[in-house]
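Because only heavy atoms are used, hydrogens play no part in the values below, and waters and symmetry mates are left out as well, while side chains stay in.
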Amino acid sequence: MKFIGRTADFGIAKETVRGTAETAATFYLPKMSVSLDDETEKYVDENSIGIVEDSIDSVNVKKVAVGEFEGKIGDRSMGLLLLGALGSVSTTGPSDSAYTHTYNVGQSAQHQALTLFLEDSNQDYKYALGMINTLTIESLLGQYAVVRASFRSKIGATATLTPSYTAENHFLPKHGVFKLASTQAGLGAASAVNIRRVSVTFNNNLEDDDAIGSEQPVDILNKQFSISGSLEMVFDAETIKTLQLADTAQAMRIQLQNTDVTIGASTRPELRVDLHSVKFSNLRRNYNNNDVATISVDFTGHYKLADSRAITVVLVNTQASY
């Protein structure tokens, strides 16, 4: 059957048993784009049999699925993506009908596995052992804040799916706040900095755990965890340039709080990313003749010994647990 891409559905669920697919998605994610496909690695048989042709056969020696997703950030489904990317969460609440989920980097090689679901007009599939390789959060002018994720998993198994979408809150540019301070503890009192775009990426540097006796990975492991990003802003001060040249570390906050929605009496849906130590590099000043002068700059997040962490992410919503 022929169909258009927007009729396909993509879902995720937390795996109870690592590597064993769940039967139904906890969340289906509104999407701008999605891909999830089985891939094979082949061994080419180049043994010669007295002819000039370069091979006599090729055989599959490995099967794995890879994919990517992009869509607007939902205040509830984002929690599962963060758990898969960071690996550790603690939850408090309810307070004012809201729960607060605090994420940190899990110090293991086995962050939370997800089952991935893909439904289209031809076939439904579920993909066990879905691991997040990279997760990007971006806030920019003129559209909803977006999340991008790349995955690796076992190959798909046929399923019978009934997609159903959860009502969620989302974040517009007006809901964003960006701050810098000398320490993470000082971010709350720091003044907001006007920017036009900010993007931060978490990279788990996944590696397949391959073993003799299985053509699929027996596990998919996260290795070193890295944080990188970039931002753009009007060039109205030398602050970022000075920080880069002086090699000065800063704490950074990217906060998205939907002030149009109330949970309980006064709590707002919120996603807050605190980087405890960042350093800037590759600053570029943009002098287009007919435009306001702007700068773009990259940053790298580091582990801060005094805080015993590199990152703290807080998600506030009505979801009781992940």
Side-chain angles (χ1 to χ4, degrees), residues 9-29 34-41 60-69 76-91 99 101-119 124-136 147-161 163 166 201-226 309-311 313 315 319-322:
D9 298 286
F10 176 71
I12 56 175
K14 176 182 175 181
E15 288 188 350
T16 303
V17 178
R18 186 178 184 85
T20 299
E22 299 295 316
T23 57
T26 305
F27 298 104
Y28 279 92
L29 309 182
V34 67
S35 65
L36 189 54
D37 294 290
D38 300 333
E39 292 188 350
T40 58
E41 293 182 13
N60 289 339
V61 293
K62 181 177 178 177
K63 297 177 182 177
V64 67
V66 298
E68 295 181 341
F69 163 82
R76 296 178 65 185
S77 58
M78 189 65 189
L80 265 190
L81 294 172
L82 287 168
L83 180 58
L86 298 180
S88 174
V89 63
S90 62
T91 298
Y99 295 85
H101 313 278
T102 302
Y103 296 83
N104 294 299
V105 179
Q107 299 298 314
S108 77
Q110 292 179 306
H111 285 178
Q112 178 64 49
L114 306 175
T115 299
L116 313 177
F117 299 87
L118 188 62
E119 185 273 345
D124 299 351
Y125 285 98
K126 56 185 178 181
Y127 297 78
L129 195 62
M131 297 296 293
I132 295 179
N133 190 32
T134 60
L135 186 76
T136 298
V147 58
R148 301 183 189 93
S150 64
F151 302 92
R152 293 183 74 82
S153 72
K154 292 185 176 182
I155 63 172
T158 57
T160 301
L161 305 178
T166 301
T201 296
F202 314 131
N203 191 337
N204 277 309
N205 291 286
L206 295 182
E207 180 177 305
D208 296 341
D209 183 4
D210 298 321
I212 290 175
S214 175
E215 64 179 357
Q216 295 195 59
V218 296
D219 204 349
I220 300 174
L221 305 175
N222 47 284
K223 300 187 296 182
Q224 72 276 20
F225 181 85
S226 60
R309 64 189 61 194
I311 182 173
V313 179
L315 183 65
Q319 189 74 17
S321 64
Y322 287 103

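- A 4.5 Å side-chain heavy-atom check between Gln110 and Leu221 finds at least one atom pair inside the cut-off.
- Annotation: the span from Ile311 atom CD1 to Arg309 atom CZ amounts to 10.5 Å, rounded to 0.5 Å.
- Atom CD1 in Ile220 sits 12.0 Å away from atom CD1 in Ile132 (nearest 0.5 Å).
- Contact annotation: the side chain of Val147 approaches that of Phe69 to within less than 4.5 Å [non-hydrogen atoms, C-beta and beyond].
- The shortest distance between side-chain heavy atoms of Pro217 and Glu207 does not fall below 4.5 Å.
- Not counting sequence neighbours, Glu39 has no partner by the salt bridge (charged side-chain N to carboxylate O under 4.0 Å, His left out) test.
- In terms of heavy-atom proximity, Ala25 sits nearest to Ala13 at CA-CB, 4.1 Å.
- Expressed to the nearest 0.5 Å, how far CG of Leu81 lies from CG of Leu135 amounts to 6.0 Å.
- If you take CG on Leu82 and CZ on Phe202, they are separated by 7.0 Å, rounding to the nearest 0.5 Å.
- Distance alone, capped at 3.5 Å, is enough to place a donor-acceptor pair between the Glu22 side chain and the Thr16 backbone.
- Open room surrounds NZ on Lys63; 12 or fewer heavy atoms of other groups in view lie less than 6.0 Å from it.
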Next item on the list: Starting from the C-alpha separation in whole Å, work towards a yes-or-no answer on side-chain contact (heavy atoms from CB on, under 4.5 Å) for Tyr103 and Leu83.
Entry: CA-CA 7 Å; Tyr103 296 83; Leu83 180 58; 4.1 Å; yes
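- The shortest non-hydrogen separation linking Thr134 to Ser150 is OG1-OG, 2.7 Å.
- Atom CD of residue Glu68 and atom CZ of residue Phe10 lie 11.0 Å apart, to the nearest 0.5 angstrom.
- Every side chain to side chain contact (heavy atoms under 4.5 Å, CB included) that Ala113 has, sequence neighbours left out, goes to Glu15, Arg18, Leu129, Met131.
- When the side chain to side chain contact (heavy atoms under 4.5 Å, CB included) test is applied to Thr102, the partners found at least two apart in sequence or on another chain are Ser90, Thr100, Asn104, Thr312, Val314.
- Evaluation of the side chain to side chain contact (heavy atoms under 4.5 Å, CB included) rule for Ser226 yields Asn203, Asn205 as partners, not counting sequence neighbours.
- Shown here are the ring pair (Phe, Tyr, Trp, His ring centres under 6.0 Å) partners of Tyr322, two or more places apart in sequence or in another chain: His101.
- A pairwise comparison of heavy atoms in Ala65 and Asp38 identifies CB-OD1, 3.7 Å as the closest pair.
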Next item on the list: Please assess Asn204 against Phe225 for the test side-chain contact (heavy atoms from CB on, under 4.5 Å), listing each intermediate value before the final yes or no.
Entry: CA-CA 5 Å; Asn204 277 309; Phe225 181 85; 3.4 Å; yes
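- Judged purely by distance below 3.5 Å, without hydrogens or angles, the side chains of Asn60 and Glu215 never pair a donor atom with an acceptor atom.
- Distance CG/Asp9 to CG/Leu161: 9.0 Å, rounded to 0.5 Å.
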With a cut-off of 3.5 Å and sequence neighbours excluded, list every side-chain donor-acceptor pair involving residues 151-159.
from: Arg152; atom 1: NE; to: Asp208; atom 2: OD1; distance (Å): 3.0
from: Arg152; atom 1: NH2; to: Asp208; atom 2: OD2; distance (Å): 2.7

